[in-house]
Participant: 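Right, I'll just put the structure down here and ask away after.
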Protein chains: 2
Amino acid sequence: MDGQETTEPRGPGRTRIQERNRALILEAGLAVFSETGFRGATLDRIAKSARLSKPNLLYYFPSKEAIHLALLQGLLDAWLAPLRGLDPEGEPVEEVLAYVRRKLELSRDFPRESRLFANEVLRGAPHLTEVLGGELAALVDEKAAILGRWMDEGRLARLPPEHLVFSIWALTQHYADFDTQVRAVLGDGRDPFAEAGPFLDLLFRRLLAP
Amino acid sequence: MDGQETTEPRGPGRTRIQERNRALILEAGLAVFSETGFRGATLDRIAKSARLSKPNLLYYFPSKEAIHLALLQGLLDAWLAPLRGLDPEGEPVEEVLAYVRRKLELSRDFPRESRLFANEVLRGAPHLTEVLGGELAALVDEKAAILGRWMDEGRLARLPPEHLVFSIWALTQHYADFDTQVRAVLGDGRDPFAEAGPFLDLLFRRLLAP
DNA sequence: GTCTATACTCTGATAGAC
DNA sequence: GTCTATCAGAGTATAGAC
């Protein structure tokens with residue numbers, strides 16, 4: 001998700017080369033895993049994409065699974081950041097709209113990360129069970145409580161708060177995960193994300209107006 | 001999607017056993033492909049699930065790809081039927097709501113089919129390119145025109161019609177494809193689909209009211 | 001730190017007996 | 001129609017030279 005080795009602090013005892021190669025492998029792994037899922041990905045293709053030999057890959061990561069886990073871990077913070085940013089002190093409708101916008105930007109700017117995540121959840125999320133039931137569920141609970149309070153105060157239309165969150169996830173991620181289908185329907189020359197922005201803005205404004 | 005060999009017409013020159021085994025293989029293929037995607041699925045697992053030997057599998061289908069293609073083909077009609085059912089003579093809001101309901105029922109009753117489809121589109125839909133750009137795009141164009149007409153007549157809120165369709169797909173399929181995540185957030189003892197029904201009803205009623 | 005070579009398993013697919 | 005046996009290739013991972 002970034003590549004600045006000069007500013008990024010290095011792990012304990014890691015040389016610049018090691019940092020660089022780890023980054024190369026993660027970048028390659030992201031490309032391959034997001035396309036074919038965990039089981040469909042092969043070390044051969046990751047190695048080729050990273051321009052490293054297969055054994056060299058396994059010098060940096062003990063296994064294929066380790067690469068996958070490292071990617072998912074690194075992804076999660078960035079993925080949950082927009083929801084974390086929902087400010088209980090803010091203006092309700094605008095707060096939710098800002099969340100929708102940030103989430104749509106993630107879909108636009110990091111579609112491979114979105115698909116990596118989608119692939120994992122589709123499988124039943126074997127590498128994410130603890131996170132989904134723990135960190136994620138807790139975060140949604142916390143923010144759902146805020147949304148519920150706003151609804152009680154009449155500052156937001158009454159809706160099941162968790163499903164409101166699901167609807168934001170579904171609508172924004174759809175443009176990354178189903179990109180192929182969206183483009184097939186819209187045809188060439190149209191920009192799905194440019195159209196999705198105003199559409200989702202309008203949708204949630206209508207939905208949430210108290 | 002069904003199993004009644006007695007009422008279902010048989011293909012040309014197929015015995016009852018052949019029909020039955022083909023159905024067994026497709027059922028097993030659906031289970032495996034929907035979990036791990038095309039590349040992640042193996043003939044071994046499909047064979048085991050169908051309780052047939054691997055060569056016997058390949059007696060009925062010439063290749064792994066053929067099983068996958070047969071599944072996708074069989075799926076598409078059922079998948080597009082709800083949208084086809086959108087009646088230009090009906091009452092606009094109720095027509096769209098009926099479509100949403102039928103689509104959500106598909107997600108609830110055929111989640112594996114939904115995930116099979118999601119897996120394929122996530123990969124870039126190599127086995128569906130013609131269909132997406134052809135049949136699907138044409139159907140959406142046709143129905144988008146109807147929606148646009150209703151909007152012109154002031155019987156439906158003005159929205160980009162294609163994105164309205166995308167939003168229906170995204171919101172209904174989310175409950176099948178991200179079932180793991182939804183359940184992790186909601187916790188045990190809650191029924192995602194029972195809650196999603198009224199929620200989506202409310203959402204689209206608010207969104208579409210002229 | 002990186003490579004070649006290789007062990008060993010799994011995978012899709014075929015041959016041929018019954 | 002179904003099975004056992006088997007193939008060639010791809011898969012993950014390791015050993016060991018440099």
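Every value quoted in this text rests on a predicted model; they were computed, and no experiment measured them. Numbers restart at 1 for each chain; the letters A, B, ... are given by sequence-line order, proteins then strands.
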Participant: Quick one: does any side-chain atom of B:Arg102 pair with a main-chain N or O of B:Pro82 as donor and acceptor, under 3.5 Å?
Facilitator: yes

Participant: Calculate the interatomic distance between A:Asp44 atom CG and D:dG9 atom P; express it in whole Å.
Facilitator: 15 Å

Participant: Can you see whether B:Phe38 has B:Lys64 sitting over its ring - NZ or CZ less than 6.0 Å from the centre and within 45° of the normal?
Facilitator: yes

Participant: Check the distance between D:dT14's P and A:Phe61's CZ and give it to me in whole angstrom.
Facilitator: 15 Å

Participant: What does A:Ala47 touch in the nucleic acid at a heavy-atom separation under 4.0 angstrom: a base, only the sugar-phosphate, or nothing?
Facilitator: nothing

Participant: From the list D:dA13, C:dG1, C:dA13, which nucleotide is the closest neighbour of the side chain of A:Gln18?
Facilitator: C:dG1

Participant: Please determine whether side chain to side chain contact (heavy atoms under 4.5 Å, CB included) holds for the pair B:Thr42 and B:Thr36, giving the CA-CA distance in whole Å, both sets of side-chain angles, and the decisive distance to 0.1 Å.
Facilitator: CA-CA 9 Å; B:Thr42 71; B:Thr36 54; over 6 Å; no

Participant: If I take atom CD in residue A:Glu19 and atom C1' in nucleotide C:dG1, what distance separates them, rounded to the nearest angstrom?
Facilitator: 15 Å

Participant: If every non-hydrogen atom of B:Trp79 is compared with every non-hydrogen atom of B:Ser114, which pair is closest and at what distance?
Facilitator: CZ2-CA, 3.5 Å

Participant: Could you give the CD-to-P distance, from A:Glu65 to D:dT12, as a whole number of Å?
Facilitator: 12 Å

Participant: What heavy-atom pair brings A:Lys143 and A:Leu83 nearest, and what distance separates the two atoms?
Facilitator: CE-O, 3.2 Å

Participant: What is the distance, rounded to the nearest whole Å, between atom CG of B:Leu57 and atom C1' of C:dT11?
Facilitator: 13 Å

Participant: Rounded to whole angstrom units, what separation is found between the CZ atom of B:Arg16 and the C1' atom of D:dG1?
Facilitator: 16 Å

Participant: Rounded to the nearest angstrom, tell me the gap between atom CZ in A:Phe38 and atom C1' in D:dG11.
Facilitator: 12 Å

Participant: I want to know whether B:Tyr175 and A:His163 have ring centres closer than 6.0 Å.
Facilitator: yes

Participant: Closest to the A:Leu58 side chain: D:dG11, D:dT14, D:dT12?
Facilitator: D:dT14

Participant: Okay, side chain of B:Gln73, backbone of B:Ala70: is any donor-acceptor separation there less than 3.5 Å?
Facilitator: no

Participant: Can you pull every protein N or O that's under 3.5 Å from an N or O on nucleotides 2-7 of chain D?
Facilitator:
{"unit_1": "D:dT2", "atom_1": "OP1", "unit_2": "B:Asn21", "atom_2": "ND2", "d": "3.3"}
{"unit_1": "D:dT2", "atom_1": "OP2", "unit_2": "B:Asn21", "atom_2": "ND2", "d": "3.2"}
{"unit_1": "D:dT2", "atom_1": "OP2", "unit_2": "B:Tyr60", "atom_2": "OH", "d": "2.3"}
{"unit_1": "D:dT2", "atom_1": "O5'", "unit_2": "B:Asn56", "atom_2": "ND2", "d": "3.4"}
{"unit_1": "D:dC3", "atom_1": "OP2", "unit_2": "B:Ser53", "atom_2": "OG", "d": "3.0"}
{"unit_1": "D:dC3", "atom_1": "OP2", "unit_2": "B:Asn56", "atom_2": "ND2", "d": "3.1"}

Participant: With a 4.0 Å cut-off on heavy atoms, is B:Ala41 in touch with a base, just the backbone sugar-phosphate, or nothing at all?
Facilitator: sugar-phosphate

Participant: Give the rounded distance in Å between these two atoms: CZ of B:Arg22 and C1' of D:dG1.
Facilitator: 15 Å

